[in-house]
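Read through the structure below, which is laid out as structure tokens, and then see the notes.
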Amino acid sequence: MKKVSIIIPFYNCAYIDQALDSVFKQTYPHIEVIVINDGSTEHYEKITPYLDRIIYIEKGNGGTASALNMGLSRATGDYICWLSSDDMYSTNKIENQLAYMLKTNASFSYTNYHLINKEGAITSRGIGIYYPTRLQILKEMSKGNFINGCSVMIKKEVFDRVGIFDETLPYTHDYDMWLRIIEQFSVYYIDEPLLYYRIHEKMGTMQHARTIKKEVKRVKAAHKDSIQQVIAQEQAK
């Protein structure tokens with residue numbers, strides 16, 4: 001049975017217990033849960049009841065990318081997932097996504113998802129974005145990130161090829177990583193909402209919108225030549 005490692009970066013998030021509850025309600029049993037406390041000063045007490053069931057690591061504050069990299073260094077699973085501490089998985093997220101990846105021999109997949117509010121109520125259903133051809137995916141990803149990071153599942157060996165998250169990108173390390181991956185691997189999409197993505201006033205995408213916009217430009221510039229080369233190769237087929 002394949003093992004799935006779920007990495008949960010944690011920094012002063014009041015929803016961490018809900019994220020952990022969703023992980024431990026998974027229908028797939030062979031998981032390891034790695035919580036990286038990235039220098040938090042609040043809400044640690046919400047993790048305490050789970051300490052005997054998780055790999056718990058404390059580190060100085062370095063941002064989500066550094067927390068994910070720390071988790072990757074400790075992960076022993078065949079597949080890697082990432083869950084933000086304010087989001088939640090559906091109960092069959094790991095089981096359904098892993099089954100799909102094994103069936104298709106996928107190395108990288110992402111899923112559809114719902115939006116929820118701070119109370120956990122669904123506000124928008126099934127808002128995932130997918131493009132049916134590799135060429136379309138490459139073209140659209142060169143314009144911006146449409147893959148929700150907490151919906152992904154990745155074969156661990158992929159990171160041996162593409163490297164770890166760029167810690168100089170506090171907010172767009174996921175976009176940079178997906179570009180690196182799709183330049184070398186096919187993208188698979190599961191049109192099933194297996195993630196609940198929480199929108200609230202303290203989320204980083206709202207608090208740091210201006211910085212994120214600058215980072216996106218930086219990531220696009222860094223990948224411009226490489227992704228255009230892959231696009232040209234795809235068009236030539």
Query raised in the report: Within the side chain of Asn92, is there an N or O that forms a donor-acceptor pair under 3.5 Å with the backbone of Asn96?
Result: no
**Report entry** Donor-acceptor pair, side chain of Gln26 and main chain of Ser90, under 3.5 angstrom
**Finding:** yes
Requested in this report: Describe, in one word, how the ring planes of Tyr113 and Tyr197 are oriented to each other, choosing from parallel (under 30°), tilted (30 to 60°) and perpendicular (over 60°).
Outcome: perpendicular
**Report entry** Donor on one side chain, acceptor on other, Thr76 and Lys3, under 3.5 Å
**Finding:** yes
Tell me which donor-acceptor pairs under 3.5 Å the side chains of residues 57-64 have, and how far apart each pair is, sequence neighbours excluded?
from	atom 1	to	atom 2	distance (Å)
Glu58	OE2	Tyr56	OH	2.9
Lys59	NZ	Asp38	OD1	2.5
Lys59	NZ	Ser66	OG	2.9
Asn61	ND2	Asp38	O	3.0
Asn61	ND2	Asp38	OD2	3.0

Report summary line: Lys103 meets the salt bridge (charged side-chain N to carboxylate O under 4.0 Å, His left out) criterion, sequence neighbours left out, with none
Query raised in the report: Sub-3.5 Å donor-acceptor pair from the side chain of Ser40 to the main-chain atoms of Asn12, do we have one?
Result: yes
Report task. For Gln229 and Ser226, test the side chains for any donor-to-acceptor distance below 3.5 angstrom and give the result as yes or no. Result -> no
Report task. Could you tell me whether a side-chain N or O of Ser5 sits under 3.5 Å from a main-chain N or O of Gly77, the two making a donor and an acceptor? Result -> yes
Query raised in the report: Regarding Ser109 and Gln97, is there a side-chain donor-to-acceptor distance under 3.5 Å anywhere?
Result: yes
Requested in this report: Go through the structure and list residues passing side-chain hydrogen bond (donor to acceptor under 3.5 Å, both in side chains) with His43, not counting sequence neighbours.
Outcome: none
Report task. Kindly assign one of parallel, tilted or perpendicular to the pair Tyr196 and His114, based on the angle between their ring planes and the thresholds 30° and 60°. Result -> tilted
Query raised in the report: Okay, side chain of Ser151, backbone of Asn112: is any donor-acceptor separation there less than 3.5 Å?
Result: no
Requested in this report: Answer yes or no: is there a donor N or O on one side and an acceptor on the other, between the side chain of Lys2 and the main chain of Tyr79, under 3.5 Å?
Outcome: no
Requested in this report: Classify the angle between the aromatic ring planes of Phe146 and Tyr131 as parallel (below 30°), tilted (30 to 60°) or perpendicular (above 60°).
Outcome: perpendicular
Query raised in the report: Quick check: does any side chain N or O of Tyr130 sit under 3.5 Å from a backbone N or O of Thr111, one acting as donor and the other as acceptor?
Result: no
Requested in this report: Decide yes or no on salt bridge (charged side-chain N to carboxylate O under 4.0 Å, His left out) for Lys25 and Asp21, but give the supporting numbers first.
Outcome: CA-CA 6 Å; Lys25 289 177 181 176; Asp21 278 343; 5.4 Å; no
Query - Backbone N/O of Ile16 and side chain of Ser85: donor-acceptor pair under 3.5 Å - result: no
Requested in this report: May I ask you to say whether Glu215 pairs ionically with Arg218, meaning some side-chain N is under 4.0 Å from a carboxylate O?
Outcome: no
Report task. Answer yes or no: does atom CZ of Arg74 have more than 12 heavy-atom neighbours from other residues, nucleotides or ligands under 6.0 Å? Result -> no
Query raised in the report: Quick one: does His223's side chain have a donor or acceptor within less than 3.5 Å of a partner on Val219's backbone?
Result: no
Report task. Measure the acute angle between the ring planes of Trp178 and Phe165, then classify it against the limits of 30° and 60° as parallel, tilted or perpendicular. Result -> perpendicular
Query raised in the report: Does Arg198 reach the main-chain N or O of Asp87 with its side chain, forming a donor-acceptor pair under 3.5 Å?
Result: no
